[in-house]
Amino acid sequence: QVQLVESGGGLVQAGDSLRLSCAASGRTFGSPAMGWFRQAPGKEREFVAAISWSGGRTYYADSVKGRFTISRDNAKNTVYLQMNSLKAEDTAVYYCAAARQLTTVAGTYDYWGQGTQVTVSS
């Protein structure tokens with residue numbers, strides 16, 4: 001069983017930055033890829049970014065490309081999402097998740113955190 005705990009969310013103004021963290025604990029399956037997803041009120045959960053176990057491959061949603069950066073520190077069992085130039089439309093609950101392979105599809109992720117709220121005021 002894997003436990004994922006997100007932190008770092010909060011209320012910021014448009015143009016500000018935030019860094020989200022996701023700490024993993026428990027027994028994992030091999031070398032998991034990690035992803036970040038978000039869900040805004042009244043909308044479906046959407047893919048944000050994903051990173052391979054080695055960190056050598058990353059995927060981003062078009063809406064965040066150039067503004068968000070995903071990274072990981074396997075020694076600390078932690079994944080990060082650096083979010084710059086935040087916009088009001090980035091407001092959502094952000095979730096981290098673990099998968100056996102690098103993927104952008106939420107349904108292929110096996111473990112999920114509880115989420116952290118990010119609110120961007122315009």
Side-chain angles (χ1 to χ4, degrees):
Q1 189 73 16
V2 175
Q3 291 80 44
L4 302 175
V5 179
E6 302 96 336
S7 62
L11 172 63
V12 296
Q13 294 186 336
D16 285 351
S17 298
L18 273 179
R19 188 176 81 156
L20 305 183
S21 299
C22 173
S25 62
R27 181 174 298 180
T28 62
F29 39 76
S31 305
M34 299 295 295
W36 286 96
F37 292 79
R38 66 187 181 186
Q39 187 166 19
K43 295 187 177 181
E44 293 188 353
R45 190 169 299 190
E46 65 173 358
F47 168 75
V48 175
I51 188 167
S52 62
W53 168 255
S54 69
R57 287 189 297 157
T58 56
Y59 295 154
Y60 294 95
D62 288 343
S63 59
V64 307
K65 204 170 293 183
R67 299 187 299 122
F68 291 10
T69 303
I70 188 171
S71 61
R72 66 190 299 166
D73 184 341
N74 290 337
K76 296 182 179 180
N77 293 323
T78 302
V79 178
Y80 305 97
L81 185 68
Q82 177 67 42
M83 306 186 295
N84 298 330
S85 302
L86 282 162
K87 304 175 181 179
E89 50 264 43
D90 294 319
T91 295
V93 177
Y94 283 71
Y95 300 89
C96 72
R100 298 177 186 273
Q101 296 181 356
L102 185 62
T103 172
T104 64
V105 179
T108 61
Y109 282 77
D110 297 279
Y111 298 100
W112 292 82
Q114 83 290 346
T116 185
Q117 176 70 47
V118 172
T119 303
V120 184
S121 63
S122 57

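Small disclaimer: the values here were computed from a predicted structure and weren't measured.
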> Honestly curious: do Leu81 and Tyr111 fall in one hydrophobic cluster under the side-chain, below-4.5 Å linking rule?
Replying inline: yes
>> Please find the pair of heavy atoms, one from Ser17 and one from Val12, that lie closest to each other, and give the distance.
In response: O-CG1, 4.4 Å
> In the single-linkage hydrophobic clustering (I, L, V, M, F, W, Y; side-chain heavy atoms under 4.5 Å), do Tyr109 and Met34 co-cluster?
Replying inline: no
>> Grouping I, L, V, M, F, W and Y whenever their side-chain heavy atoms are under 4.5 Å apart, do Tyr59 and Trp112 come out in a common cluster?
In response: yes
Counting only pairs under 3.5 Å, give me each side-chain donor-acceptor contact of residues 39-51, with atom names and distances, residues two or more places apart or in other chains.
unit_1, atom_1, unit_2, atom_2, d
Gln39, NE2, Lys43, O, 3.1
Glu46, OE2, Arg38, NE, 2.5
Glu46, OE2, Arg38, NH2, 3.1

>> If hydrophobic clusters are built by linking Ile, Leu, Val, Met, Phe, Trp and Tyr wherever their side-chain heavy atoms come under 4.5 Å apart, do Val118 and Val79 end up in the same one?
In response: yes
> Does any non-hydrogen side-chain atom of Glu6 lie less than 4.5 Å from one of Trp36?
Replying inline: yes
>> So, taking the atom named OG1 in Thr119 and the one named CD in Gln13, what distance separates them when rounded to the nearest 0.5 Å?
In response: 13.0 Å
>> Within the 4.5 Å heavy-atom criterion, are Gln117 and Tyr94 side-chain neighbours or not?
In response: no
> With a 3.5 Å cut-off and no angle check, do the side chains of Thr91 and Glu89 form a donor-acceptor pair?
Replying inline: no
> How is the hydrophobic cluster of Leu11 composed, in terms of its other members, when Ile, Leu, Val, Met, Phe, Trp and Tyr link through side-chain heavy atoms under 4.5 Å apart, directly or indirectly?
Replying inline: none
> How long is the span from the CD atom in Gln101 to the OG1 atom in Thr108, to the nearest 0.5 Å?
Replying inline: 8.5 Å
Could you pull out all donor-acceptor pairs under 3.5 Å where a side-chain atom in residues 64-73 meets a protein atom, sequence neighbours excluded?
unit_1, atom_1, unit_2, atom_2, d
Lys65, NZ, Asp62, OD1, 3.2
Arg67, NH1, Ser85, O, 3.0
Arg67, NH1, Asp90, OD2, 2.8
Arg67, NH2, Ser63, O, 2.9
Arg67, NH2, Asp90, OD1, 3.0
Arg67, NH2, Asp90, OD2, 3.4
Arg72, NE, Asn74, OD1, 2.8
Arg72, NH1, Pro32, O, 3.0
Arg72, NH1, Ser52, O, 3.0
Arg72, NH2, Pro32, O, 3.1
Arg72, NH2, Asn74, OD1, 3.4
Asp73, OD1, Ala75, N, 3.1
Asp73, OD1, Lys76, N, 3.4

> Val120 and Asp16: side-chain contact (heavy atoms from CB on, under 4.5 Å), yes or no, with the steps?
Replying inline: CA-CA 8 Å; Val120 184; Asp16 285 351; over 6 Å; no
> What is the minimum heavy-atom distance between Val105 and Thr103, and which atoms define it?
Replying inline: N-OG1, 3.1 Å
